[in-house]
Amino acid sequence: MAPVEVRAAMRLQQLHSLPGLYQVNPAFQVPCLSTPATVVHNKLLFSLYFSFANFYLLSTNMKVLVPPIKLQDPSEIFRPEKVKTESGWQFREYSSSSFDERQKTVFNTYLNMHTYQTVDFVENQRKEWTQFNKFKCGILEALDKLNAFVDDSDPDIALPNSVHGYQTAERIRVHHPDKDWMQLMGLIHDLGKVMAMYGEPQWAVVGDTFPVGCAPAPSVVLMDSTFAKNKDISDPRYNTKLGMYKEGCGLDQVTMSWGHDEYLYRVLINSNCSLPQVALDTIRYHSFYPWHTGGDYDYLCNQKDRDTLPWIQEFNKFDLYTKKEDVPDMDVLRPYYQSLVDKYCPGDIAF
């Protein structure tokens, strides 16, 4: 058997061993994919696709977009050595000469991000997305929409983003049982990725964020090889260490590259969500790795930012290293998290 067939057979054998498995049958054809099959287990629908050297398992409450929207989040793939060492989690190392298609995707994502994320681009994105006119629904209903998104960052199995939200929240719940606001923050932190449903490219949705309007710091991923065509690099207003900012101005005064962090932050602010400010700021900067992990950009920070930093670093432990864990029973957990939504972010939210 070919490697993909061996791996697929092993995965099917694992699925067969699950209690409550009662149906495995051929499914509809999916463009660009081959040999699809669906599995129903404990009232959850699993769609298994074999594609070249990979296969993908989608698990949702019968709400699956087929084919799924793949979001290969570079933040899940390439991490600074410090994070990898402290976590014990062996993230893939990046090599620009690699034959690994994921590593090539990482490079191209950051190349596009670092080419097109400029002051003008971010201002235009803000104007577009802060109209909050895309859809309106409750927080958990919005989370269901992430069932359509697969972070293709694991070489063997990729789960919908909604699963990662529950994984993150549940691990926070174990370590911080008294901080229900932090648990809800973990559940919803990736909700801004719904932008991809409206045609936003991956480089404007996922990946590490960084300030625009000033020179990129050394710890920005692939800084040396991806900024050459960014028009702000040749603009004297923006190409110095401080650029358009004043030292110690505070991150609230800094324009960050556009992505799911900034978008969700603005959605929650617009909705008058009552999550504490530290939760909102953690959501806003959780992908700002050059700061909270790389140690750069302190010259833009004020005391509020430095007080927030330990919370972001604490949250990061649960965000990055939960995807290897078991899939939680979201049906069982949903009433608990609905109670947190009702407490902090009730009613319909405009996205």
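Worth saying up front: this structure is predicted, and the values here are computed from it rather than measured.
- Under the rule for a salt bridge (charged side-chain N to carboxylate O under 4.0 Å, His left out), D224 has no partner lying at least two apart in sequence or in another chain.
- Looking at residues two or more places apart in sequence or on another chain, you find a salt bridge (charged side-chain N to carboxylate O under 4.0 Å, His left out) between E141 and R334.
- Crowding of K229 atom NZ: a count of heavy atoms from other residues, nucleotides or ligands under 6.0 Å not exceeding 12.
- Among residues at least two apart or in separate chains, salt bridge (Lys or Arg N to Asp or Glu O under 4.0 Å) pairs with a member in residues 339-351 are D180-K343.
- When only modelled atom types and interatomic distance are considered, D261 and S287 share a side-chain donor-acceptor pair under 3.5 Å.
- The closest side-chain donor-acceptor pair between N147 and S162 falls under 3.5 angstrom.
- Aromatic ring centres of H175 and F318: separated by under 6.0 Å.
- By the salt bridge (charged side-chain N to carboxylate O under 4.0 Å, His left out) test, K134 is found to be paired with E128, residues two or more places apart in sequence or in another chain being considered.
- Checked against side chain to side chain donor-acceptor pair (under 3.5 Å), K241 has no partners two or more places apart in sequence or in another chain.
- Checking I283, T168, L340 one by one against M185, the side-chain contact (heavy atoms from CB on, under 4.5 Å) holds for a single residue, I283.
- Residues passing the side chain to side chain donor-acceptor pair (under 3.5 Å) test with Y337 are E170, sequence neighbours excluded.
- Remark: D235 pairs with R237 by the salt bridge (charged side-chain N to carboxylate O under 4.0 Å, His left out) rule, at least two apart or across chains.
- Each of I269, D252, L268 was evaluated against R284; a single residue qualifies, D252, per the side-chain contact (heavy atoms from CB on, under 4.5 Å) test.
- Considering only heavy atoms from C-beta on, T255 comes within 4.5 Å of M244 through its side chain.
- Formation of a donor-acceptor pair under 3.5 Å by the Y110 side chain with backbone atoms of T226 is not found in this model.
- When the options D296, L251, V254 are evaluated for a side-chain contact (heavy atoms from CB on, under 4.5 Å) with F288, the one that passes is L251.
- Scanning for side chain to side chain donor-acceptor pair (under 3.5 Å) contacts around N302 gives an empty result, with sequence neighbours left out.
- A side-chain hydrogen bond (donor to acceptor under 3.5 Å, both in side chains) check over residues 266-277, counting only residues at least two apart or in different chains, returns the pairs E262-R266, Q277-D281.
- Remark: F210 pairs with H114, F227 by the ring-ring contact (aromatic ring centres under 6.0 Å, His included) rule, at least two apart or across chains.
- Qualifying side chain to side chain donor-acceptor pair (under 3.5 Å) partners for Y336, counting only residues two or more places apart in sequence or in other chains: Q183.
- Taking Y116 as the reference, W203 meet the ring-ring contact (aromatic ring centres under 6.0 Å, His included) condition, with sequence neighbours excluded.
- Aromatic rings of W291 and Y297 (six-membered ring for Trp) have centroids beyond the 6.0 Å cut-off, not under it.
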